[in-house]
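Worksheet for the structure shown next.
Along the sequence shown, the residues carry numbers beginning at 1.
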Amino acid sequence: MGSLRAVLEAPDLRSLLQPIAGPDADPPVRRIALVEDLGRLGDLDEATLAVLTHAASQDAVSYRLDVALRTAGSRKLSAVVLTDGREDIAPTAAALARRVTVAVLRARSDCDLAALLLALHRELAGGPDVALGRIRAALRALESSSAGSASAATTPEETTPEELLGAATGALGAPVELRPPRPGDLSAPVTVADEIEATVSTPRGEGHAAVAADVVVHLAAAAIGRARAATRQAEDAPIRSRGELISEFLLARPDQGDRLLERMRGAGLAIDGWHTAILVDVDNLGVLAADDELVSLRITDRVATLGLEAARAAGGVWHRARIGSGLLLTRMERHDRSVRGRDVAHAADQILRRIVSRIPQISLVCGVGSPHVGATGLRTTVAEARAALAAGHAGRRVNVATSFDEVGLHRTLIEWFASDTAREAVDELLRPIDELGPQKSRDSLQTLRAYLDNQGSTTRAAAELHLHRNAIAYRVRRIFELLGVDPQDPDTMLMLQLACRARALG
């Protein structure tokens, strides 16, 4: 058994039948009858939908229509269908239809009566053919709705969830909605980037209709998920582009960084304004990803998305970039009055809470710089954030933001290294070591710093690095030869120590 509303909303009948009068109630429909003589209405059973032939419809005018409606009401018929092409009935007849609770429907003027009866019987039977037809209709409707966005990657917003839900509703003949399921509903999750963001729900229906509803609700949820992912991908393109510019600028040599400034200004980055950096590192990435590079990439992308969303929700203009394996979030403002350290500290807390709430097993280490102005200021705040991040790692401060000011780090050294002149001097001094390659240069700088920090004591440096003192002496001698420096010159040794410490800050 179906209902009159379900019949009118059925995909095959929606364009054929239209209500023109009757009550607001949704009566049941148990059977269909073709009526050639208005007098036959008194012979029909309760909950019958009576389809008048063209001749009977033409006869149902004036008082004869009133009599027919009273008869239909006394027999508790569901509805009377007029097939003579009229678009309305007299106001008195419409009022009577409401009073006797019988709906009056009109068939489309060019409607084939046999096709209408066949569609009504098929809908009322509700067999597998109807269910399959609704599934096919839903698939075609959803594909058609998504076609515009698939062919125009720059405008994925053209296909909205409302449009997709409307297409699914039209095909199924029942409301398909973006909402939590009610008791008795069928539902499917909307998943974007492996995260459930919403739920699509629809009434269960009965028999084969329930099967169709289950398939359609999953098709709709998948289509909405794809639409949301496409929208985010398009929105993410300029974000990534600006992030790549920031990363390139921070990693560039001083003589190369200047040429990037105009590109950064052209991309809408307020490079001449005030900057505050937050660095976030996933401390247990290897464990979470089980050393799978693809999984690791998905996690870091998810962290970057969540972090930027939380930062923007906290207020201000934020950009994201990658520095090594870490996430860099930079607040850039054109005026210093809008930048306050406590606002950025609050944003860092919100960022961590948001990421941890979505990925509960994650362990994050976070370093926060302080506000600085201009291109040099960007390098300075990032260097501060790096130093604070290193302090967070050393102190095992997990899922807690570590501020540069809070840990009392050496501001003078960081501000010095952030300047183009200092960076160029350090790069020039250490270039022979850098040319050894990543691993050898890292080992050499670690040995040199331990030796210099321990005032030239090979014994203490060996204890710090867990090596034999002769190995330290040999390495240091080779490093001095490679750099071409005089170990007896105190100015040179001080510059080397500052260079090693500055490099440790990134």
Side-chain angles (χ1 to χ4, degrees), residues 239 242-280 307-308 311-312 314-324 326-348 351 366-391 401-427 498-499 501-506:
I239 293 174
R242 289 189 290 266
E244 288 167 1
L245 272 175
I246 293 172
S247 297
E248 189 178 351
F249 173 75
L250 292 171
L251 296 173
R253 293 170 54 84
D255 58 338
Q256 298 171 335
D258 289 344
R259 65 179 176 80
L260 293 171
L261 294 180
E262 285 307 315
R263 287 175 56 195
M264 296 175 81
R265 294 182 185 108
L269 293 168
I271 187 62
D272 303 303
W274 285 78
H275 317 293
T276 315
I278 296 175
L279 268 172
V280 180
L308 184 60
R312 288 179 169 175
V317 179
W318 290 85
H319 304 284
R320 81 170 190 231
R322 287 200 184 281
I323 301 294
L327 166 66
L328 171 64
L329 295 167
T330 308
R331 179 173 176 176
M332 292 186 170
E333 302 290 351
R334 298 191 184 280
H335 306 288
D336 63 337
R337 62 177 178 272
S338 58
V339 182
R340 293 181 295 181
R342 64 176 178 270
D343 293 338
V344 177
H346 176 66
I351 290 164
C366 175
V368 183
S370 50
H372 292 275
V373 69
T376 299
L378 176 58
R379 289 199 176 107
T380 302
T381 189
V382 172
E384 290 180 352
R386 281 183 186 276
L389 184 72
T402 302
S403 168
F404 175 72
D405 294 331
E406 167 191 343
V407 295
L409 297 167
H410 303 296
R411 177 183 295 273
T412 302
L413 175 61
I414 288 177
E415 291 180 347
W416 169 76
F417 185 54
S419 71
D420 292 344
T421 303
R423 285 168 60 87
E424 189 170 2
V426 169
D427 288 345
L498 288 173
R501 284 180 172 270
R503 276 293 179 86
L505 297 174

Mind checking the [atom1]-[atom2] spacing from [X] to [Y]? Nearest 0.5 Å is all I need.
X: Ile351; Y: Leu329; atom1: CD1; atom2: CG; answer: 5.0 Å
X: Glu244; Y: Arg322; atom1: CD; atom2: CZ; answer: 10.5 Å
X: Ile271; Y: Arg334; atom1: CD1; atom2: CZ; answer: 10.5 Å
X: Leu269; Y: Ile246; atom1: CG; atom2: CD1; answer: 5.0 Å
X: Glu384; Y: Leu389; atom1: CD; atom2: CG; answer: 13.5 Å

Practice item. Could you give me the CA-CA distance, side-chain angles and deciding distance for Phe249 and Leu261, then say whether side chain to side chain contact (heavy atoms under 4.5 Å, CB included) is met? Key: CA-CA 8 Å; Phe249 173 75; Leu261 294 180; 3.7 Å; yes
Under 3.5 Å, side chain of [X] to main-chain N/O of [Y], donor-acceptor pair present?
X: Thr276; Y: Ser370; result: no
X: Ser247; Y: Gly243; result: yes
X: His319; Y: Val317; result: no

Practice item. For residues Ala347 and Trp318, report the shortest heavy-atom separation together with the two atoms involved. Key: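 Here Ala347 and Trp318 meet closest at CB-CZ2, 3.8 Å.
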Review point. Quick one: are Leu250 and Leu328 in side-chain contact, heavy atoms under 4.5 Å?
Key: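 When only atoms from C-beta onward are counted, Leu328 and Leu250 do touch, with a gap below 4.5 Å.
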[X]: partners by side-chain contact (heavy atoms from CB on, under 4.5 Å), with sequence neighbours left out:
X: Ala348; answer: Ile278, Cys366, Val368, Ala401
X: Ala385; answer: Ala277, Leu279
X: Val373; answer: Trp274

Review point. Got a sec, which residues hit salt bridge (Lys or Arg N to Asp or Glu O under 4.0 Å) with Arg265, two or more places apart in sequence or on another chain?
Key: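 With neighbours one apart ignored, the set is Glu262, Asp272.
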Review point. Going through the checks in order, is the side chain to side chain contact (heavy atoms under 4.5 Å, CB included) test met by Met332 and His275?
Key: CA-CA 5 Å; Met332 292 186 170; His275 317 293; 3.4 Å; yes
